Colleague: 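Dropping the structure in here first, questions after.
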Amino acid sequence: MDGLRVGWQVLKERRRALLWWTIGVALLMVLMAAVYPSVRDSGDVFEEYMAQLPEAMVEAFGLGGASITSPEGYLVSQLYSNMYVIVLLVLGLGWAAWAIAGSESEGTLELVLANPVRRVAVALGRVLAVAAAIMLVNVVGHVVLAAYAPSVGLDEGLPTWAFAYAALASFAFVAVHVALTFAVGAATGRKGWAIGLGAGLALVGFLVNAMAGVAEVFERFRDWSPWYWLLRDNPVVTAPGWFNVWLPLAVSVLLVAAGTWRFHRRDLAG
Amino acid sequence: MPNAPLPADTAASPDPAPPGPMIEVAGLVKRFGRLTAVDQLDLVVSAGEVYGLLGPNGAGKTTTIRCLLGYLRASAGETRVLGGPARDRAIRRRIGYLPGDLRLEGRMRVAAILDFYADLRGGVDRRRIDALCEQLQLDQSRPFGQLSKGNRQKVGVVQAFMHEPDVLVLDEPTSGLDPLMQREVLGLVRERRDAGAAVLFSSHLIFEVEEVADRVGILRQGHKVVEDTVGGLQVLTARQSLHLRFTEPVPASALAGVPGVESVQAERTRVAVVVRGSVAPLVRALAELPIEHIAADPILLDDLFYGIYDGQAPAGERPGPEAPGGERPGPEGAKA
């Protein structure tokens with residue numbers, strides 16, 4: 001109960017920022033959908049262009065054999081393998097690093113903890129607030145996309161719940177990075193380390209996934225890359241399963257639990 | 001029932017304060033790596049008592065408070081508030097805390113911040129909050145980030161006092177406040193004390209501690225060097241530093257022999273004197289001289305340390321900066 005109060009306070013404090021993030025992501029979705037007809041109509045030009053690209057780059061687009069001019073190929077290559085989830089990562093990592101470490105170093109955490117609330121409740125309440133913020137931006141973005149897609153034919157041949165699938169998989173992907181960032185911050189009180197490790201995971205995971213098809217060294221680690229969890233099966237046409245949703249969510253829960261456990265026991269930075 | 005008067009509250013509470021000290025620090029040691037910030041500290045604050053924790057910056061006051069509140073784990077020794085650890089939520093409910101450097105979310109309005117803290121405390125009568133804000137002249141409609149340092153401090157004061165806590169832990173509570181508000185806050189401290197609360201109050205200002213504390217402990221480099229009642233402390237502080245200006249040059253020797261004068265530093269028409277005890281003999285002596293202006297320094301913690309260590313500590317051991325530009329001579333000045 002106290003945890004929810006603390007989490008709700010975070011959303012209230014940051015409501016303006018959240019509003020702008022939501023508007024920005026919704027605009028990104030509209031823009032991406034609006035460009036689709038010109039990509040589809042140019043047809044072969046894009047296919048030829050893709051054929052010339054190095055294999056690692058094509059791999060990084062997560063097309064998995066789909067045509068870039070098809071709705072699922074276009075969506076995964078333009079949104080889910082890069083831009084969209086990176087935008088969510090920027091939002092999520094910033095908030096997650098602040099949740100404990102950032103507010104600890106700016107000095108605002110101390111007074112919250114002077115109240116009769118458990119540290120664990122504060123930590124979980126805040127991580128829930130971060131999750132809720134990402135989910136809000138993510139859901140609004142996909143509702144806007146789903147509403148706009150039919151008018152440009154971006155829903156052709158997709159499952160009915162395509163955008164819900166994609167929203168869930170995106171959330172699960174971002175959650176892993178957010179959880180790591182939060183956990184490092186909660187365990188150490190160091191915001192720099194938190195962001196560094198969270199962003200580092202995103203970068204290394206991206207490279208491993210992209211290079212896996214090219215170099216065998218990376219192939220071995222591919223299963224550990226959250227990008228692979230997200231992109232092995234095209235998120236737009238894949239219903240939530242253990243690999244693209246439940247595995248990342250379970251890893252996130254473990255990371256949050258470990259960080260919170262450590263936070264409960266350590267000294268607060270002054 | 002956070003708003004019931006304290007004696008009734010204590011009587012009605014199913015879990016009355018255990019007999020004995022309300023705040024207890026026993027053999028506390030806190031190390032950060034190789035630095036020992038607090039070393040073997042003992043202190044006790046009883047109900048209805050204000051304990052002033054005095055010391056220069058870096059003496060270990062804040063570290064002691066942070067250990068007491070459970071933000072830091074003691075390297076050795078124990079701290080208890082109301083008979084238990086401060087991390088116990090039932091105990092924390094009865095503590096009011098004002099951090100030395102208050103930071104709050106800048107975009108939130110004061111009223112919303114106070115409501116949030118009131119909620120976390122399980123509800124506080126809104127009238128009590130309004131009354132405190134009015135008393136301290138704090139405008140609740142403004143965002144915290146736009147407040148002056150003094151007004152920010154008031155927000156901290158209100159949240160520390162609003163639930164009428166049985167234990168108050170105040171880290172430099174009057175920093176940034178103007179003298180009038182300082183007085184208001186010290187009045188609030190007395191009010192809680194009279195209602196039976198135990199107050200631990202840190203400060204580096206002697207006059208403030210003298211004014212409100214019943215007992216004083218002086219920390220230096222993590223050690224408690226003195227603990228006494230305020231009455232006892234006044235003996236130590238009965239040393240004054242005066243700046244005299246004459247209409248014509250006066251030699252140091254003119255004042256050096258005056259009873260009570262410990263040191264004299266003369267530079268043409270300006271003379272700095274340190275007096276122990278009554279200034280009456282000096283005033284009589286000055287009446288015979290072409291005196292034009294007299295100014296007195298507030299008693300600083302450094303002076304107090306000089307008093308404590310007088311004749312004991314080597315000069316290099318002494319805390320605090322040297323008297324700036326020789327304006328405020330220490331006891332090392334021209335000895336009388």
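This is a predicted model, so every value here is computed, not measured. Here is how names work: the chains are called A, B, and so on, in the same order as the sequence lines, proteins then strands, and each is numbered from 1.
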Colleague: Quick check for you: to the nearest 0.5 Å, what is the distance between B:F116 atom CZ and A:L111 atom CG?
Modeller: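 Reported to 0.5 Å precision, the distance equals 9.5 Å.
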Colleague: May I ask you to name which of A:R16, A:R119, A:R14, A:R265 has the most heavy-atom pairs under 4.5 Å with chain B?
Modeller: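 Looking at each of A:R16, A:R119, A:R14, A:R265 in turn, A:R119 comes out on top.
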Colleague: Could you tell me the separation between the CZ atom of B:R107 and the CZ atom of A:R15, rounded to the nearest 0.5 Å?
Modeller: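 Going from CZ on B:R107 over to CZ on A:R15, the span is 9.5 Å.
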Colleague: With a 3.5 Å distance limit and no angle check, can you tell me whether B:R103 reaches the backbone of A:E106 through a side-chain donor-acceptor pair?
Modeller: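 Side chain of B:R103 to backbone of A:E106: a pair is present.
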Colleague: Would you give the length of the straight line joining atom CD of A:E13 to atom CG of B:L104, rounded to the nearest 0.5 angstrom?
Modeller: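 Spacing of CD (A:E13) from CG (B:L104) equals 9.0 Å.
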Colleague: Between A:E110 and B:R66, is the closest basic N to carboxylate O distance under 4.0 Å?
Modeller: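 Judged by the 4.0 Å cut-off on N to carboxylate O distance, B:R66 and A:E110 do form a salt bridge.
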Colleague: Under the ring pair (Phe, Tyr, Trp, His ring centres under 6.0 Å) test, which residues partner A:W227, sequence neighbours left out?
Modeller: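 Scan of A:W227 (ring pair (Phe, Tyr, Trp, His ring centres under 6.0 Å), adjacent residues dropped) gives A:F173, A:F206.
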Colleague: Contact part of B:D119 toward chain A, heavy-atom cut-off under 4.5 Å: side chain, backbone, both or neither?
Modeller: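 B:D119 touches chain A through backbone and side-chain heavy atoms alike.
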Colleague: Considering only heavy atoms, which portion of B:L69 lies under 4.5 Å from any heavy atom of chain A: side chain, backbone, both, or neither?
Modeller: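 Neither part, no heavy atoms under 4.5 Å.
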Colleague: With a 4.0 Å cut-off, would you call B:D115 and A:K12 a salt bridge?
Modeller: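 Looking at A:K12 together with B:D115, the answer is no, because their closest N to O distance does not fall below 4.0 Å.
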Colleague: To the nearest 0.5 Å, what is the distance between CE on B:M108 and OG1 on A:T108?
Modeller: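 One finds 12.0 Å between CE of B:M108 and OG1 of A:T108.
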Colleague: Got a donor-acceptor contact below 3.5 angstrom from the B:R92 side chain to the A:N115 backbone?
Modeller: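 Pair found, side chain donor or acceptor close to backbone of A:N115.
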Colleague: If you look at every heavy atom in B:R87 and A:H264, which pair is closest and at what distance?
Modeller: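 Answer, listing the atom of B:R87 first, then A:H264: NH2-O, 2.9 Å.
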Colleague: Sort B:R73 into side chain, backbone, both or neither according to what part of it lies under 4.5 angstrom from a heavy atom of chain A.
Modeller: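 Contact with chain A is through both the backbone and side chain of B:R73.
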Colleague: Who pairs with A:F163 by ring pair (Phe, Tyr, Trp, His ring centres under 6.0 Å), at least two apart in sequence or on another chain?
Modeller: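 Testing A:F163 for ring pair (Phe, Tyr, Trp, His ring centres under 6.0 Å), a comparison that skips the adjacent residues, returns none.
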Colleague: Using non-hydrogen atoms and a 4.5 Å limit, figure out which bit of A:R118 sits close to chain B: side chain, backbone, both or neither.
Modeller: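 Both the backbone and the side chain of A:R118 come within 4.5 Å of chain B.
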Colleague: How far apart are the closest heavy atoms of B:L120 and A:R5, and which atoms are they?
Modeller: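 Distance-wise, the nearest heavy atoms are CD2-CD, 4.2 Å.
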Colleague: Of all the heavy-atom pairs spanning B:R121 and A:A114, show the shortest one and how long it is.
Modeller: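 The answer is NH2-O, 3.1 Å.
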Colleague: For B:L102, which atoms come within 4.5 Å of any heavy atom of chain A: side chain, backbone, both, or neither?
Modeller: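 The side chain, not the backbone.
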